[in-house]
Amino acid sequence: LVDDLYEDVDPAETLETWTREEDLEKALQAAANRKDTESVKYAVAQRIRFLNLQAKQIYAMDDGLLEFANLRVLSLDHNRFEALDFSCLPPKLQMLSAYACDVSRMLFPPAAVDNVLPQLQILWLGCNNFTHLPLDLAAVCPRLASLDLSFSHICSLSAAFPALRSLPDLKHFSLCGSPVALMPHY
């Protein structure tokens, strides 16, 4: 019955309100059947602000995410990729969650490129395999206010603090459940 409600609706106009996978498939199929396919694909990509790709068996990141120019929130939780590639993320992104993805490293663009994600404020990367925090993090995400690395493999505060010193807006930082949390005065 719910599917009938959207039968005559332009998918580009309603996609941002759809959350079920079958609705997304329906919208993309409708867009593919139109004569102006490129403009519909562009319109769909431009309208998406929240993208939930949890547990979709994603094994790698590519620059296809850059097509979602107005994306603000991206959830990649419970996928399996070794590296989190920041150069593949849209610049207007404000929140990124990649919990339990087996990520062990962060990839950044060349050092000459600063402010890749100038609006990113929330970065949730708990339950991954990080052993340290990259020094380049502040250059790539200068407005970071919340960083969650809980249940990671960080064993010492010296593996995290150098990168944290360059994040002036940081208000929340968590290493709960990590080996370093067992140290005195954590």
Side-chain angles (χ1 to χ4, degrees), residues 42 45-181 183 186:
Y42 176 79
Q46 295 303 305
R47 287 181 171 274
I48 293 181
R49 305 283 188 272
F50 175 87
L51 188 55
N52 181 354
L53 297 174
Q54 291 182 2
K56 299 294 181 198
Q57 299 180 5
I58 297 171
Y59 293 97
M61 295 176 67
D62 63 29
D63 60 3
L65 284 170
L66 292 171
E67 293 180 26
F68 299 96
N70 292 308
L71 190 64
R72 301 296 192 273
V73 177
L74 175 60
S75 178
L76 297 169
D77 301 345
H78 304 286
N79 285 293
R80 298 283 176 244
F81 43 91
E82 182 180 311
L84 187 62
D85 190 347
F86 281 70
S87 65
C88 296
L89 299 172
K92 291 184 181 178
L93 196 65
Q94 295 174 351
M95 178 186 172
L96 173 63
S97 180
Y99 267 87
C101 291
D102 285 340
V103 177
S104 59
R105 57 195 172 107
M106 298 179 207
L107 301 178
F108 299 121
V113 180
D114 283 345
N115 295 324
V116 173
L117 297 171
Q119 297 180 25
L120 189 70
Q121 296 176 26
I122 300 170
L123 185 57
W124 292 344
L125 302 174
C127 298
N128 281 299
N129 301 323
F130 295 109
T131 58
H132 69 284
L133 199 54
L135 291 173
D136 298 346
L137 186 62
V140 175
C141 313
R143 294 186 60 209
L144 204 57
S146 178
L147 176 59
D148 185 343
L149 292 169
S150 56
F151 299 95
S152 66
H153 295 211
I154 295 177
C155 295
S156 73
L157 292 176
S158 62
F161 278 157
L164 297 177
R165 286 189 184 110
S166 302
L167 292 168
D169 295 337
L170 192 66
K171 306 283 187 265
H172 172 262
F173 176 63
S174 178
L175 287 170
C176 278
S178 300
V180 71
M183 301 207 36
Y186 170 77

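These numbers come from a predicted model, not from an experiment.
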Exercise. Listed by chain and number, what are the side-chain hydrogen bond (donor to acceptor under 3.5 Å, both in side chains) partners of Ser156, not counting sequence neighbours?
Worked result: Ser158

For this session: Go through the structure and list residues passing side-chain hydrogen bond (donor to acceptor under 3.5 Å, both in side chains) with Arg105, not counting sequence neighbours.
Result: Glu82

For this session: Report the residues that fulfil salt bridge (charged side-chain N to carboxylate O under 4.0 Å, His left out) with Arg165, sequence neighbours left out, ordered by chain and then residue number.
Result: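 Once residues adjacent in sequence are excluded, Arg165 has no partner under the salt bridge (charged side-chain N to carboxylate O under 4.0 Å, His left out) criterion.
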
Do the side chains of [Y] and [X] get nearer than 4.5 Å, heavy atoms only?
X      : Y      : answer
Met106 : Leu133 : yes
Val73  : Ile122 : no
Val103 : Leu125 : no
Leu96  : Leu117 : no

I need the [X] [atom1] to [Y] [atom2] distance, nearest 0.5 Å.
X      : Y      : atom1 : atom2 : answer
Leu71  : Leu51  : CG    : CG    : 5.5 Å
Leu89  : Cys141 : CG    : SG    : 8.5 Å
Asp169 : Ser146 : CG    : OG    : 12.0 Å
Phe50  : Met95  : CZ    : CE    : 7.5 Å
Gln121 : Lys171 : CD    : NZ    : 10.5 Å

Check [X] against [Y] and note the closest heavy-atom contact, atom names and distance.
X      : Y      : value
Pro179 : Ser152 : CD-O, 3.3 Å
Asp102 : Arg80  : OD2-CD, 3.1 Å
Ala163 : Pro134 : CB-O, 3.3 Å
Pro109 : Val116 : CG-CG2, 3.3 Å
Ser178 : Leu149 : OG-O, 3.4 Å
Leu76  : Cys101 : O-SG, 3.0 Å

Exercise. Do the side chain of Arg47 and the main chain of Ala45 share a donor and acceptor less than 3.5 angstrom apart?
Worked result: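 Flag not set: sc Arg47 to bb Ala45 has no pair under 3.5 Å.
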
Exercise. Which residue pairs pass the side-chain hydrogen bond (donor to acceptor under 3.5 Å, both in side chains) test when at least one of the two sits in residues 86-100, sequence neighbours left out?
Worked result: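 Qualifying pairs, neighbours excluded: Asn70-Lys92, Asp77-Ser97, Asp85-Ser87, Tyr99-Asp148.
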
Per-pair distances, 0.1 Å, donor-acceptor, side chain in residues 61-69, under 3.5 Å, sequence neighbours excluded:
from, atom 1, to, atom 2, distance (Å)
Asp62, OD1, Gly64, N, 2.9

Problem set entry | Qualifying ring-ring contact (aromatic ring centres under 6.0 Å, His included) pairs with a residue from residues 131-161, counting only residues at least two apart or across chains | none

Exercise. Any ring-ring contact (aromatic ring centres under 6.0 Å, His included) pairs touching residues 76-96, not counting sequence neighbours?
Worked result: Phe86-Phe108

Seminar exercise, completed: Those residues at least two apart in sequence (or on a different chain) that pass side-chain contact (heavy atoms from CB on, under 4.5 Å) with Leu167 are Leu137, Ala138, Leu144, Leu164, Leu170

